[in-house]
Amino acid sequence: MAEQLSDSRLANLGARAIVRSFDDYVGRFRIITRRARIRFRERDWHAMAADAAERLDLYSRVLADLVADLGGLLGGRQDDQALWAAMKAVYSGLIDGRDEWELAETFFNSVTRKMFTTVGVDPHVEFVDTDFDTPPTSARTPVYRVLDRAETSSALFEEILGAAQLPLVDPTEQAKAVAARVEGHLRDIGALQVVERAEAIRPVFYRGQSAHLIGRLFSGSHVVPFALVVVNEPEGGRVDAVLLTENALSILFSFTRSYFHVDVERPYDLVQFLRSLMPRKRVAEIYNAIGHNKHGKTELYRDLIHHVAASGERFAHARGERGMVMSVFTMPGFDVVFKVIRDAFPLPKTTSRREVRDKYRLVFRHDRAGRLVEAQEFEHLRFDRDRFEPDLLDELTSECGETVAVAGRHVVLGHAYVERRVIPLDVYVREADTRAARAAIRDYGRCMKDLAASDIFPGDMLLKNFGVTRHGRVVFYDYDELAPLTECVFRELPEPETAEQELAAEPWFTVGPHDIFPAEFRRFLGLPPGLREVFEDKHAALFEASFWTALQRRLAGGELIPVYPYEEEQRL
């Protein structure tokens with residue numbers, strides 16, 4: 001068919017096919033997203049989790065169908081770059097005037113990279129930067145509502161809660177409790193204890209077993225971000241927490257969290273509003289947080305190439321111990337790390353490249369419970385050779401040759417994971433003051449418990465595999481030995497019955513491939529003197545098999561154990 005059509009006609013047909021597929025994706029995405037309100041009202045948490053998984057898979061499914069259709073339409077010309085350049089021009093015109101134009105550009109990029117391999121980027125067939133200097137459309141309805149000063153703060157919050165139409169028990173009393181917490185915060189920061197005006201985002205943010213109302217409050221010269229976290233218990237809904245700082249909201253929207261379900265026509269407007277509440281958070285992370293991770297990846301890449309172009313920095317090894325499975329490197333002024341799988345893994349590692357990639361896919365689809373760093377997967381990245389420190393380039397070419405190639409003056413990363421950079425926990429506790437180190441070790445134990453509650457066992461629990469975020473939260477980032485908790489076999493250490501057994505250098509009892517002995521964690525965690533006591537004071541239960549098996553029973557019984565992204569003192 002392609003041979004019988006002119007280039008312009010073929011470009012037009014191809015561009016329109018991509019637009020139709022994009023519209024199908026957006027429509028189905030919003031249908032799934034809108035279900036969250038029903039799931040929350042009905043407390044159908046398993047259906048909520050199933051919807052989250054369905055939405056994660058939607059992009060790749062729609063893309064696979066489109067690529068097959070385009071292959072039939074274009075025939076032997078599917079990798080004709082001139083044709084794709086013409087198609088891009090037609091497509092750009094077709095998406096002018098659309099509310100989700102930025103997502104549409106990313107969708108086109110995804111199609112081109114599925115149809116043929118682009119090393120680096122090609123601005124002729126990809127939207128490397130957006131085609132629109134300003135949004136091509138204007139919002140028909142603002143993404144937020146303005147609420148003028150009410151007679152009392154509690155009346156203002158009752159209006160905010162009422163507009164959300166959540167199944168609250170006694171919303172008047174709930175609003176009074178929220179108002180009291182807000183007025184206390186205003187007093188603490190030296191502001192008038194009066195909310196003069198509020199701006200509340202219209203749609204509700206749903207995730208897991210919580211609903212979130214988000215906006216900002218104005219009191220004199222003070223602007224205070226807020227998030228009201230609502231839970232729906234058997235006896236009805238209630239506000240469980242009130243978050244009133246940039247840091248608290250940043251943790252709520254963290255790169256270690258799973259995605260919100262929030263129904264919005266113009267994601268751009270929502271992202272801009274959220275960015276005003278959290279100015280230190282990357283635009284890429286906010287797009288990820290609202291479920292548009294593919295465009296989040298686009299924004300991250302744009303940030304990266306702009307940084308590389310504007311700085312003279314070189315890629316260098318990241319801080320911390322060298323990994324046995326991954327080569328990890330970074331640029332000092334850019335807060336991400338790049339992780340490339342090594343060609344071979346020394347003993348005692350027994351995993352394979354495929355298994356490592358499977359673990360990263362598991363994390364992507366899993367409830368990350370605020371403790372697993374999200375990794376964006378990139379292919380065919382290209383950088384100038386002179387932007388790599390010599391020792392790093394030697395390592396990449398000698399130990400990652402199946403993935404990394406040097407082509408002339410360029411280095412091509414065939415496959416890499418890109419993650420937010422954190423401070424390795426072993427480095428942190430060596431360099432931090434005593435108070436901060438103790439707080440991190442206590443949170444290290446909470447991290448393990450949160451992961452376990454979400455059906456994740458880290459596998460390798462050494463400090464070097466955990467990191468500390470800028471908020472002081474401990475997260476896990478080394479996934480090659482990670483496993484579902486329910487697949488592990490936790491056992492108590494058998495008591496030796498003879499002197500020979502007691503003195504044996506090797507286990508004298510049978511050990512299965514999935515057996516884990518928590519009593520041995522004391523010896524293997526490598527906690528420094530002084531911090532071991534801090535850890536055991538709060539988390540000694542982690543050394544007992546009964547702790548882990550009790551959680552396994554709850555998970556096996558179908559319980560979804562919520563892990564909330566805030567501290568006890570932020571609860572009402």
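Heads up: numbering here begins at 1 and tracks the sequence.
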Distance (rounded to the nearest 0.5 Å) between [X] [atom1] and [Y] [atom2]:
X	Y	atom1	atom2	result
Asn288	Phe253	CG	CZ	12.5 Å
Leu217	Arg197	CG	CZ	10.5 Å
His222	Ile189	NE2	CD1	4.5 Å
Glu100	Asp23	CD	CG	7.5 Å
Leu83	Leu74	CG	CG	6.0 Å
Trp84	Met115	CH2	CE	5.0 Å

Worksheet item: Mind checking whether Phe108 and Phe127 have parallel, tilted or perpendicular rings, split at 30° and 60°?
Response: perpendicular
Practice prompt. On the 0 to 90° scale, with breaks at 30° and 60°, tag the Tyr268-Trp101 ring pair as parallel, tilted or perpendicular.
Written response: tilted
Side chains of [X] and [Y]: does their closest heavy-atom pair fall under 4.5 Å?
X	Y	answer
Thr33	Val264	no
Met278	Glu285	no
Phe378	Leu300	yes
Ser219	Val195	no
Arg140	Glu265	yes
Leu451	Leu372	yes
Val143	Arg266	no
Tyr59	Thr106	yes

Worksheet item: Is there a side chain to side chain contact (heavy atoms under 4.5 Å, CB included) between Val373 and Tyr479 once you walk through the steps?
Response: CA-CA 10 Å; Val373 177; Tyr479 303 148; 3.7 Å; yes
Using a 3.5 Å distance criterion without hydrogens, assess whether the side chain of [X] forms a donor-acceptor pair with backbone atoms of [Y].
X	Y	result
His307	Asp303	no
Lys281	Arg275	no
Thr330	Val336	yes
Glu313	Gly333	yes
His295	Glu102	yes
His366	Ser454	yes
Glu196	Gly220	yes
Thr112	Asn109	yes
His261	Met48	no
Arg302	Val128	yes

Identify the two heavy atoms, one from [X] and one from [Y], that lie closest to each other, and give their separation to 0.1 Å.
X	Y	value
Glu199	Phe218	CD-CE1, 3.7 Å
Gly236	Asn232	C-OD1, 3.5 Å
Ala369	Val563	O-CG1, 3.8 Å
Leu73	Leu10	O-CD1, 4.0 Å
Ala211	Val204	CB-CG1, 3.8 Å
Ala453	Ile561	O-CB, 3.7 Å

Is the positively charged end of [X] above the ring of [Y], judged by distance under 6.0 angstrom from the centroid and angle within 45° of the axis?
X	Y	result
Lys294	Phe107	no
Arg368	Tyr259	yes
Arg371	Phe476	no
Arg202	Phe273	no

Worksheet entry | Identified side-chain contact (heavy atoms from CB on, under 4.5 Å) partner of Leu213 from the options Ile201, Val239, Leu228, Val229 | Leu228
Might you confirm whether atom [atom1] of [X] has over 12 heavy atoms from other residues, nucleotides or ligands at distances under 6.0 Å?
X	atom1	result
Lys449	NZ	yes
Glu151	CD	no
Arg34	CZ	yes

Item to complete: Apply side chain to side chain contact (heavy atoms under 4.5 Å, CB included) to His46 and Leu560, showing your working.
Response: CA-CA 8 Å; His46 287 281; Leu560 296 176; 3.8 Å; yes
Discussion item. Less than 3.5 Å apart, any donor N or O on the side chain of Lys339 or Tyr360 sitting next to an acceptor on the other?
Written reply: yes
Worksheet item: Would Arg280 and Asn247 count as having a side-chain donor-acceptor pair, cut-off 3.5 Å?
Response: yes
Item to complete: May I have the step-by-step check of side chain to side chain contact (heavy atoms under 4.5 Å, CB included) for His185 and Val224, ending in yes or no?
Response: CA-CA 9 Å; His185 176 75; Val224 177; 3.9 Å; yes
Item to complete: From the options Arg421, Arg282, Arg470, select the one residue that forms a salt bridge (charged side-chain N to carboxylate O under 4.0 Å, His left out) with Asp335.
Response: Arg282
NZ/NE/NH1/NH2 to OD/OE distance under 4.0 Å, [X] and [Y]:
X	Y	result
Asp443	Arg473	no
Arg61	Asp24	no
Asp57	Arg365	yes

Item to complete: Could you check Ser153 against Glu183 for side chain to side chain donor-acceptor pair (under 3.5 Å), going step by step and ending with a plain yes or no?
Response: CA-CA 8 Å; Ser153 295; Glu183 289 168 356; 3.2 Å; yes
Worksheet entry | Derivation of the side chain to side chain contact (heavy atoms under 4.5 Å, CB included) call for Gln174 and Val178 | CA-CA 6 Å; Gln174 301 269 345; Val178 171; 5.6 Å; no
Practice prompt. With ring-ring contact (aromatic ring centres under 6.0 Å, His included) as the test, would you mind laying out the steps for His415 and Tyr417 before giving the verdict?
Written response: CA-CA 7 Å; His415 179 268; Tyr417 295 104; 4.8 Å; yes
